[in-house]
Amino acid sequence: MTSSPTLERSALVINDRQYHFIDLTQFLPLERLQKIPFSLRILLENVALRSPDMLPRFLEMLSGDAPNGEVEFYPDRLMFHDTTCLPALADFAAMRDLTTELGGDASTINPRIPAVLTIDHSVIVESYASASALEDNMRFDFRRNAERYRFIRWAEKSLDNFRVIPPGTGIIHLMNLEAVADVVTVDAHENIPLLHSDCMVATDSHTPMINALGVLGWGVGGLEGQAALVGEPVTLRFPDVIGISVSGQLSPNVSDSDLVLHITRLLRETGVVGKFVEFTGPSLHAMPVESRATIANMAPEYGATVVFFPFDERSAEYVNTTGRSEEKQALIRGYMQAQRLWRSEKTPQPEFTQLIELDLSDIEPCMAGPFNPHQQVPLSGAAKSFDDSLPPEARSLSWRHAAYPEPIRQGAVAIAAITSCTTTANPWLIVQAALFARNAARCGLKPKPWVKTSFSPGSRAVTDYLGASGLLAELEKVGFNVTGYGCMTCIGSSGALQPAMEEMVSQGLQAVCVLSGNRNFPRRVNPSLGHGYLTSPALVIAWALAGHMSMDITNVALGYDEQRRPVTVCDLMPEREEVERWIRRAIKRDDYVKRRDAIWLGTPHWQQIAASGSERYPWDAESTYLRRPGYLERLPREPSEPLSLSGARPFLWLGDDVTTDHISPAGAIPAASPAGQWLLAHREDPQDLNLYSTRRSNHEVMVRGAFTNKSLSNRLLPEARRGAGGYAWDAQHQQILPAYEAAQSWLAHGIPLVIFAGERYGAGSSRDWAAKAQALMGVKAVVAQSFERIHRTNLIGMGILPLHITASDAARLPDMDGRENIDFLGLEKIQPGSTSLTMRISRDGGLLGEFALTIVLDSQQELRYLYHGGILPYVVHQTLKRR
């Protein structure tokens, strides 16, 4: 390998001020640089600045002269939301304790790069369809979460490089896009400031939304985020970059929601897990940043690491609209153009690993459901897709209830929610919905009485422009009042169904959720709803008016006006030109300018919360929210090298599409659940059990919630018991118990456990508790046909082996029942890249078979994490070493 190139700093004068930057043409001729995808140009700059020793190897991979290998990425900043940050803060507090106990200096445990927490995951849709809904829900939020919020206040005062965007402000990704992202970072530590691209990660899988603004960033698990905060690199394999060439334009009746659901299905079929996706093509210049953000936000739904849109004139317009200063805008323009990161219509098209043509004129109105975001169905076929999901004998069932004036059929819409950063960041979609609501109100139409409606904007700027233009009142006329500024229904904080609906669901009614969010996994939105559909905000309102999924909404009237004339979706949908006129009238730069500083202030509820700082956190042994993490209590004094695993037993044998929601829930904690029973035994009010997502700093609750999803089926159990959810054999093979209780018996005997699964294990949220819970249950390996990227890294971060098995070998696994003995051969030779292993399964001393496995590690860093038993033990040991 050649030696590291010398980094020369080039001068750049912007508004009469001198800056430096690392001109990439010192590493590659301009003609060659212009053929490199824009996302890789930024990655190249990051490697040159932060990992110069790796630069020669990176350039070889870039030119194809070396196979794709490890890349170290050092983000400039990190963002959290509260359900990942609270456990991270608890881990920081515990690591300070451990560092002190092991003879170190606790004050050295601090974020080394700026970290921003956005509190957006705690508020629940409890009050809705009323003028007081927003205040009611905020009052509930602050009453239930006061202890958690005091802990965050302690962290603000006790940790360096840590800031908070308080509750009731907005969603992490929209805050990043509108206000936090610099686009260009100014390193002012030197006499002449150094400019470079804004690079970041966040502990949420939808972080690639920021790629819409030409910022390189992606989602990581909470554990990997913590490592980045203390100076460790985020590692990845040198990525393939899939290009999408955009041509044509959308038809008048097609929305950005239709476009993103089409892309989600297309890219999931293409296979882009772990890859970069970058947009190009002749129509890209006409696509506004808000549309790009809607597409990029859905990256985890098709598995891409990055969904990149190069910075261009539309990006510059967005930077101006969202209130960045004139000085900042000039700096961005000057640097981006000098560094060849500014795309224009004349810019040469880069060379991609694969190029996909996307003609926008081919997109048609659609939805996604009933179980996954990539299940794209034509709008006219939504009813059939629901009917096809039911057994024939169940399709015609209906119920009557005194609470409602008409029969309730299968497919009744129980929840209709305009929610999430995906669509509420898009003014076109929100204004279209508001005009649709206006037209419906003029016809005298209202949602069916059994539908729970809600509107959860991702930013207060959204309600600023809606309120100033009079459009917010139109949404309120049809029951879509603002319920809170947070993720809410999209992450499962939908609150309870109406009591009558809950009663009928318990009797067999298959009710449906329709939302403008990004995920519709069974029972994610609400534990009582196994069916969900994603669609545009306007069509969320349409389905609320219709009240049932089992109808062709394109042909059947939604209702009747005062003259008893039928009213259809087409009658209510505004023309594209009208939507665009209202946007030009409604969106004002001043709305964003006045919010830029206000996002850090919070509501009066937040300002009333006080806490003092200290070097170590004073844990309360009686707390049901904050406990010193149990997975750090048994910290190994020395790393375990080489690795070994033998004498393990199969614990769960699951199917395809086991998501992080299935493994570790985020929604309401049922009183009858193991977690609920623990809380009640610790004197919690049954009305205040709250959400699993708010209890993530209490391992006692979270481990009891693992694998409780009713959709799970354990193939190790007798067939008659398989559909009951997450149940497993105990260590004596005498009882079938809830997964948590069964795991305790295995832990008592010191026997390691293995989970078997199919494709896409760990899809969904970047939930580190999905890995933490498995570790606390004694799981040492997961054998699956494929893993989603973030969950794979989270498993490694907890010292769990993610092992791949081919479909053919999976098909010949023996008919196991939990009594088998499992040994893994070859672990001692694991290296970064792909390593072949052997799994030997036996029972009663007889060999049942040997099976080939592979473990894929992206870096030497991941191997170190496995040796140390996870990221957190590694971080503590490194801190002690530095001392």
Step by step, would you call Tyr465 with Ile430 a side-chain contact (heavy atoms from CB on, under 4.5 Å)?
-> CA-CA 10 Å; Tyr465 68 70; Ile430 294 299; 4.0 Å; yes

Given side-chain contact (heavy atoms from CB on, under 4.5 Å), test Glu622 with Arg683 step by step and report yes or no.
-> CA-CA 10 Å; Glu622 300 301 315; Arg683 299 184 296 281; 3.4 Å; yes

Does the pair Ser614 and Trp154 meet the rule for a side chain to side chain donor-acceptor pair (under 3.5 Å), with working shown?
-> CA-CA 8 Å; Ser614 59; Trp154 168 85; 2.9 Å; yes

Decide side-chain contact (heavy atoms from CB on, under 4.5 Å) for Tyr318 and Leu177; before the verdict, give the C-alpha distance in whole Å, the side-chain angles of both, and the deciding distance to 0.1 Å.
-> CA-CA 10 Å; Tyr318 182 83; Leu177 197 65; 3.4 Å; yes

For the pair Ser122 and Asp141, evaluate side chain to side chain donor-acceptor pair (under 3.5 Å) and give the outcome as yes or no after the intermediate values.
-> CA-CA 7 Å; Ser122 297; Asp141 180 18; 4.7 Å; no

Step-by-step side-chain contact (heavy atoms from CB on, under 4.5 Å) determination, Tyr485 to Thr169 = CA-CA 6 Å; Tyr485 296 92; Thr169 305; 6.0 Å; no

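For the residue pair Lys452 and Ser494, the shortest heavy atom distance occurs at NZ-O, 2.8 Å. Across all non-hydrogen atoms, the minimal contact from Ala668 to Leu691 is N-CD2, 3.6 Å. What you find for Phe80 and Ala88 is that their closest heavy atoms are CE2-CB, 3.8 Å. When all heavy atoms are compared, the tightest approach of Thr207 to Val201 is CG2-C, 4.5 Å. Minimum heavy-atom separation, His81 to Thr203: NE2-O, 3.5 Å. Of all heavy-atom pairs spanning Val540 and Ser516, the tightest one is CG2-N, 3.6 Å.
Crowding of Gln687 atom CD: a count of heavy atoms from other residues, nucleotides or ligands under 6.0 Å not exceeding 12. Heavy-atom neighbours of Glu317 CD from other residues, nucleotides or ligands within 6.0 Å: above the threshold of 12.
Salt bridge status for Lys588 with Asp591: absent, with no side-chain N to carboxylate O gap under 4.0 Å. Looking at Arg143 and Asp688, a side-chain N of the basic residue comes within less than 4.0 Å of a carboxylate O on the acidic one, giving a salt bridge. Taking the charged nitrogens against the carboxylate oxygens, Glu700 and Arg695 have no contact shorter than 4.0 Å, which rules out a salt bridge. Between Arg767 and Asp661 there is a salt bridge, with a side-chain nitrogen of the basic residue lying less than 4.0 Å from a carboxylate oxygen of the acidic one. Look at Glu147 and Arg153 and you find no salt bridge, because none of the NZ, NE, NH1 or NH2 atoms lies under 4.0 Å from a carboxylate O. Salt bridge Arg144/Glu126: present, at least one basic N to carboxylate O contact under 4.0 Å.
Residues Arg524 and Ser765 have side chains in contact (heavy-atom distance under 4.5 Å, counting atoms from C-beta outward). Here the side chains of Leu515 and Leu534 are in contact, with some heavy-atom distance below 4.5 Å. Side-chain contact between Arg163 and Glu156 is absent, with no heavy-atom pair separated by less than 4.5 Å. In this structure the side chain of Leu466 reaches within 4.5 angstrom of the side chain of Phe455, judged on heavy atoms. Here the side chains of Val215 and Ser197 are not in contact, with every heavy-atom distance at 4.5 Å or above. Within the 4.5 Å cutoff, side-chain heavy atoms of Asn690 are placed close to those of Asn145. Between Leu435 and Arg438 the shortest side-chain heavy-atom distance falls below 4.5 Å. Between Tyr74 and Glu232, the closest side-chain pair of non-hydrogen atoms is not below 4.5 Å.
Side-chain atoms of Ser673 come within 3.5 Å of backbone N or O of Pro670 as a donor-acceptor pair. When atom types are taken as modelled, the side chain of Thr294 and the backbone of Asp256 share no donor-acceptor pair closer than 3.5 angstrom. Checked by atom type and distance alone, the side chain of Arg704 never pairs as donor or acceptor with a backbone atom of Gln677 at under 3.5 Å. Under the 3.5 Å distance criterion, the side-chain polar atoms of Arg96 are matched with a main-chain donor or acceptor of Glu615. Side chain of Thr422 to main chain of Asn297: no donor-acceptor pair is present (N/O by atom type, distance under 3.5 Å, no hydrogens or angles). Checked by atom type and distance alone, the side chain of Arg596 never pairs as donor or acceptor with a backbone atom of Tyr592 at under 3.5 Å. When atom types are taken as modelled, the side chain of Asn110 and the backbone of Ser107 share a donor-acceptor pair closer than 3.5 angstrom. No side-chain donor-acceptor contact under 3.5 Å links Asp198 to the backbone of Thr185. In this structure a side-chain-to-backbone donor-acceptor pair under 3.5 Å is missing from Gln329 to Val319. A donor-acceptor pair under 3.5 Å links the side-chain atoms of Asp82 to the main chain of Asp120, judged by distance alone.
Checked against Leu86 for a side chain to side chain contact (heavy atoms under 4.5 Å, CB included), the options Ile119, Asp91, Leu626, Thr694 give a single hit: Leu626. None of Val125, Thr489, Thr483, Asn518 except one satisfies the side chain to side chain contact (heavy atoms under 4.5 Å, CB included) rule with Thr419; the exception is Thr489.
Taking CG of Asn481 as the start and CD of Glu476 as the end, the distance is 5.0 Å to the nearest 0.5 Å. Atoms CG and CG, on Leu216 and Asn211 in that order, are 6.5 Å from each other to the nearest 0.5 Å. Here the CD1-OH distance, from Ile669 to Tyr692, works out to 5.5 Å after rounding to the nearest 0.5 Å. Thr603 OG1 to Met138 CE: the interatomic distance, rounded to the nearest 0.5 Å, is 3.5 Å. Here Ile171 contributes atom CD1 and Asn176 contributes atom CG; the two are 13.0 Å apart, rounded to the nearest 0.5 Å. Put simply, CG on Asn320 and NZ on Lys328 are 14.5 Å apart, with the number rounded to the nearest 0.5 Å.
Side chains of Arg696 and Thr83: a donor-acceptor N/O pair is present below 3.5 angstrom, by distance only. Looking only at atom types and distance, the side chain of Glu178 has no donor-acceptor partner in the side chain of Thr322 under 3.5 Å away.
Judged by a 6.0 Å distance limit and a 45° cone about the ring axis, Arg585 is positioned over the six-membered ring of Trp582.
Below 30°, between 30° and 60°, or above 60°: for Tyr617 and Trp619 the angle between ring planes is above 60°, a perpendicular geometry.
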